[in-house]
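Excluded from the calculations below are hydrogen atoms, water molecules and symmetry mates; all remaining heavy atoms, backbone and side chain alike, are included. Quantities reported herein were computed from a predicted structural model and do not represent experimental measurements.
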Amino acid sequence: MSKLKKYLLFTFITAWIIAVFGCYDANYAGAAGQFNFHNFMALCMFIPTLGALLAEADMGKMGWNIKSSKNWKYIVFAWLSPTVFQIIGATLYFMVFPDDFAPAEAFQRFLSDEEYEEFRQNGSNYAEFIAEDVFYSLLSPHLFTATILALGEEIGWRGFMYPELKAGYGRTKGLLIGGAIHGAWHFPVMIFVGYEYGKDYIGAPVLGLFVFCLYTISMGIVSDFLYMKSGSIWLPAIFHAMINAESSPDMLKGNDHPERSVFGPVDIGLIAMLPMAACAAFLLWYQYKREQMELDELFDEDSISV
């Protein structure tokens, strides 16, 4: 059995077994079950690392030095770009569905009764509250924990699986296949718990699975670019952590159309993911052109030497 097959079998079977227990708790054990479900999900984030170890991945070559002086611009990109993508994507969503933009209604849902009353008494400044929330999401001390959890996945996905797939299928096909695999890894919790989009969205449950794979493909292309350019596994981990920790534009969405969750305003939606998808498409094109230029230069050198 190849290293990649061994990795995939372990990573999927183990995570899906854990997901069974998590889904049961989420559906039948009330508030405590929801808490347990999130703990199960956090545990699953380390399964790809265990899979890579089982597959005898060369952990020493994954790039453990962040090289901040050399990679500072990629670090900044990994840190800020998820929030930029999120803001632009949410704006696109609310342009398409302007009736969903209902901050007053959303805040009443988003905040506790006491918090909402205090918010109203302080002047109901939505823009200020959102700006503070975005600022906190970028500088929260919880980002360290989020990065460690994300690293648990990135060691397996970007550190081991993506290089194996690119070696076997070529860069573009490897990135597309890898992103789809990453998305499919989430399918049980998406189907049985409504993880990411809920259960009552348009086209449920099939459309959400397809859309989420488009998102993980886009995310994977950007993450791989950061990894290849920096040579450090920490960069895709930071990018992944910021995606998980970013401020949610759901705090601006009204209550009337939960079925539109598959379109946005969170960046996993079909409309809201467009900024990241556009970035991923550009990176694919850019890297393809670079490869073509290198090939042309190589052929030119060969013709001269002949």
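- For N39, there are no side-chain hydrogen bond (donor to acceptor under 3.5 Å, both in side chains) partners at least two apart in sequence or on another chain.
- Listed for the W64 side chain is a donor-acceptor partner under 3.5 Å among the backbone atoms of M59.
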Go through it in stages, so that I can follow the logic: the residues are M45 and N244, the test is side chain to side chain contact (heavy atoms under 4.5 Å, CB included), and I'd like the CA-CA distance, side-chain angles, deciding distance and then a yes or no. CA-CA 12 Å; M45 294 184 76; N244 290 344; 3.8 Å; yes

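- Contacts classified as side-chain hydrogen bond (donor to acceptor under 3.5 Å, both in side chains) and involving residues 194-207 (residues at least two apart or in different chains) are not found.
- Counting only heavy atoms from C-beta outward, the side chains of R158 and E153 never approach each other to under 4.5 Å.
- A distance-only check finds a donor-acceptor pair linking the side chain of T216 to the backbone of C213 [under 3.5 Å].
- Looking only at distances, a side-chain donor or acceptor of Y7 sits under 3.5 Å from a matching main-chain atom of G156.
- Under the 4.5 Å side-chain criterion, counting only non-hydrogen atoms from C-beta, I181 is in contact with L8.
- Side-chain atoms of L138 and L143, non-hydrogen and from C-beta on, never get closer than 4.5 Å to each other.
- With sequence neighbours left out, the ring-ring contact (aromatic ring centres under 6.0 Å, His included) criterion links W285 to F282.
- Between the side chain of N27 and the backbone N or O of C23, at least one donor-acceptor pair lies under 3.5 Å.
- Between W185 and W157, a ring centre-to-centre spacing shorter than 6.0 Å is recorded.
- Side-chain atoms of D25 do not come within 3.5 Å of backbone N or O of N36 as any donor-acceptor pair.
- Within the structure, the side-chain hydrogen bond (donor to acceptor under 3.5 Å, both in side chains) test picks out no pair touching residues 49-60 (sequence neighbours left out).
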Please walk me through it: do L54 and T11 pass side chain to side chain contact (heavy atoms under 4.5 Å, CB included)? CA-CA 10 Å; L54 181 67; T11 301; over 6 Å; no

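- Residue pairs meeting the ring-ring contact (aromatic ring centres under 6.0 Å, His included) criterion with at least one partner in residues 226-278, sequence neighbours excluded, do not occur; the list is empty.
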Determine whether V96 and L92 satisfy the following criterion, side chain to side chain contact (heavy atoms under 4.5 Å, CB included), listing intermediate values before the conclusion. CA-CA 6 Å; V96 175; L92 292 175; 5.7 Å; no

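- Ion pair R171/D224 not flagged as a salt bridge, since none of the NZ, NE, NH1 or NH2 atoms sits closer than 4.0 Å to an Asp/Glu carboxylate oxygen.
- For F46, the ring-ring contact (aromatic ring centres under 6.0 Å, His included) test picks out no residue, with sequence neighbours left out.
- Checking side-chain atoms of S137 against main-chain N and O of V134 turns up a donor-acceptor pair under 3.5 Å.
- Listed by chain and residue number, nothing satisfies the side-chain hydrogen bond (donor to acceptor under 3.5 Å, both in side chains) test with E164 (two or more places apart in sequence, or in another chain).
- The ring-ring contact (aromatic ring centres under 6.0 Å, His included) contacts involving residues 73-93 comprise Y93-F97, where partners must be two or more places apart or lie in separate chains.
- When the shell of 6.0 Å around CZ of F187 is examined, it contains more than 12 heavy atoms from other residues, nucleotides or ligands.
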Side chain to side chain contact (heavy atoms under 4.5 Å, CB included) assessment of M276 paired with I243: CA-CA 11 Å; M276 185 183 292; I243 287 173; 3.9 Å; yes

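- Judged as a ring-ring contact (aromatic ring centres under 6.0 Å, His included), and not counting sequence neighbours, Y136 has no contacts.
- With sequence neighbours excluded, the residues satisfying ring-ring contact (aromatic ring centres under 6.0 Å, His included) with F101 are F94.
- Y288 is linked by a side-chain hydrogen bond (donor to acceptor under 3.5 Å, both in side chains) to nothing, counting only residues two or more places apart in sequence or in another chain.
- Under the 3.5 Å distance criterion, the side-chain polar atoms of E105 are matched with a main-chain donor or acceptor of N255.
- Qualifying side-chain hydrogen bond (donor to acceptor under 3.5 Å, both in side chains) partners for Q86, counting only residues two or more places apart in sequence or in other chains: E246.
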